[in-house]
Amino acid sequence: MTAAPGSFNAFLDLPQTPVFNAETGPLAGLRLAVKDIYDVAGYTTGCGNPDKAASAIPATRTAPAVQILLDAGARFAGKTQTDELAFSLMGQNAHFPHPINPAAPNRVTGGSSSGSAAAVAGQLADIAIGSDTGGSIRAPASFCGLVGLRTTHGLISLDGAMKLAPSLDTFGWFARDIDVYDKVAKLLIGEDAHRGQLTRPVALDWLDGLSTGPDEIAEYQRMRRHAEAALGPVATARPLAFSPDELYWCFRKVQAFEAWQEHGAWISSGDRGLGPGVKERFEFGAAISAKDYAAEIDKRDAFRRELGALLGADGILVLPTVPGAAPLANGTHDELLAYRERALMLLCLSGLSGFPQITLPIGTAGGAPFGLSLLGPAGSDLALIQFGRRVLDAAHTKD
């Protein structure tokens, strides 16, 4: 399968079935793309794996969170590519032509919400639904120059969606501008559960060490100054009890164990042709014992309490979304793996805590997009979007 000019390999080539949307509403006139782990009535849900797609039957009901947006006037534009079983971060599914990053065509889109990010960045959709387990909203948004929020865990329904690691999975979406992003958030969230005022921006002193090089460190510092112009001086927080490496392995083990619990029986029942990387990650999960998983859950709970205490009711953590610009699409396996590991050390803070994190498209590195993130207490999702608006305004004013 080859891409039509300007399609960026974002959408799946599926038979077109009409999908009802309201004619009026706050999203009227906006095009909505949907990651192929969500049910859309009349369409199969392939989850990025040809065997799963071949055995799937068309859904009779659209995932409730997606339906809310259709009922608000958004028009269905199609189902988008996902990394295989949503278990990757680069957007390079071995079974499909890789989505092209419209903002940096020689670099990856990021995954697993790869097609959704490409669709919005390429202006083929105004809103695109994705999911974020390990970073699959935040990383593609940073790579493609988009707004992306990992929502508070459990805040938005994942009914009608494929599970990967349930204690980490979250609903998410992409947009090119904060106004559209805010409209979607208000429909899906309503109002923040967190009542405190976020007035205390903080940063961790080890974040610079995860950047890909001195240019990325300098760009992060520049982006941080934009955040300070909007939020006030950023204080360095006290050191965490857990090192980046400890948090990385905690996240990896929790995610992989749960992913194997969800998909292991199906994978083991036949030759599923899993692509490289995905196959090894599931094998890693199969080797983790329930005892080891329980120990990692205890560690995660301790980290969640510690980060919650650090933020309190008024803290907001400022950090680079990922180590730098997206890696080159033709990078070697080892290069992509090394980037993935550094990225997860940043991305796992929100994942392990369950706290919301928004990435904002205000930076560049190597001529490609590079996002700045704000991470807040549980339930502060709408507040983060409003603070994000202020940071974007400050960045545009200074630039």
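Bear in mind the structure is a predicted one, so any value in this text is a computation, not a measurement.
Side-chain polar atoms of Lys35 and Ser112 form a donor-acceptor pair below 3.5 angstrom. Side chains of Ser136 and Ser131: no donor on one and acceptor on the other come within 3.5 Å.
The closest side-chain heavy-atom distance from Asp169 to Lys163 is below 4.5 Å. Between Val120 and Ile127, the closest side-chain pair of non-hydrogen atoms is not below 4.5 Å. In this structure the side chain of Arg281 reaches within 4.5 angstrom of the side chain of Ser88, judged on heavy atoms. Counting heavy atoms from C-beta outward, Phe143 and Arg107 have side chains that stay 4.5 Å or more apart. In this structure the side chain of Ile288 never reaches within 4.5 angstrom of the side chain of Trp260, judged on heavy atoms. Side-chain contact between Pro26 and Leu187 is present, with at least one heavy-atom pair separated by less than 4.5 Å.
Counting only residues at least two apart or in different chains, salt bridge (charged side-chain N to carboxylate O under 4.0 Å, His left out) contacts with residues 301-323 comprise Arg200-Asp314, Asp301-Arg304.
Under a cut-off of 6.0 angstrom, the local environment of CG in Asp179 is crowded, with over 12 non-hydrogen atoms contributed by other residues, nucleotides or ligands.
By the salt bridge (Lys or Arg N to Asp or Glu O under 4.0 Å) test, Asp83 pairs with no residue at all, sequence neighbours left out. Under the side-chain contact (heavy atoms from CB on, under 4.5 Å) criterion, Glu341 pairs with Tyr248, Leu337, sequence neighbours left out. Residues passing the salt bridge (Lys or Arg N to Asp or Glu O under 4.0 Å) test with Glu191, sequence neighbours excluded: Arg195. Phe257 meets the ring pair (Phe, Tyr, Trp, His ring centres under 6.0 Å) test with Tyr293; sequence neighbours excluded. Applying the salt bridge (Lys or Arg N to Asp or Glu O under 4.0 Å) criterion to Lys299, with sequence neighbours excluded, gives Glu296.
Salt bridge status for Arg176 with Asp126: present, with a side-chain N to carboxylate O gap under 4.0 Å. Under 4.0 Å is where a charged nitrogen must lie from a carboxylate oxygen, and between Arg222 and Glu219 at least one such pair does. Using a cutoff of 4.0 Å between basic side-chain nitrogens and carboxylate oxygens, Asp292 and Lys253 are not scored as salt-bridged.
Leu146 and Ile358 fall into different hydrophobic clusters, where Ile, Leu, Val, Met, Phe, Trp and Tyr are joined by side-chain heavy atoms under 4.5 Å apart, directly or via other members.
Annotation: cation-pi geometry satisfied between Arg252 and Phe284 (NZ/CZ under 6.0 angstrom from ring centroid, within 45° of ring axis).
The backbone N or O of Gly172 lies less than 3.5 Å from no partner atom in the side chain of Arg150, so there is not a single donor-acceptor pair. Here the side chain of Gln16 pairs a donor or acceptor atom with the backbone of Leu14 at under 3.5 angstrom.
Checked against the 6.0 Å centroid threshold, Phe76 and Tyr43 count as a close aromatic pair.
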Audit row: Thr45, Asp39, side chain to side chain donor-acceptor pair (under 3.5 Å) steps and yes/no
CA-CA 6 Å; Thr45 304; Asp39 290 344; 2.7 Å; yes
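Going from atom OG of Ser113 over to atom CD1 of Ile129 covers 10.0 Å, rounded to the nearest 0.5 Å.
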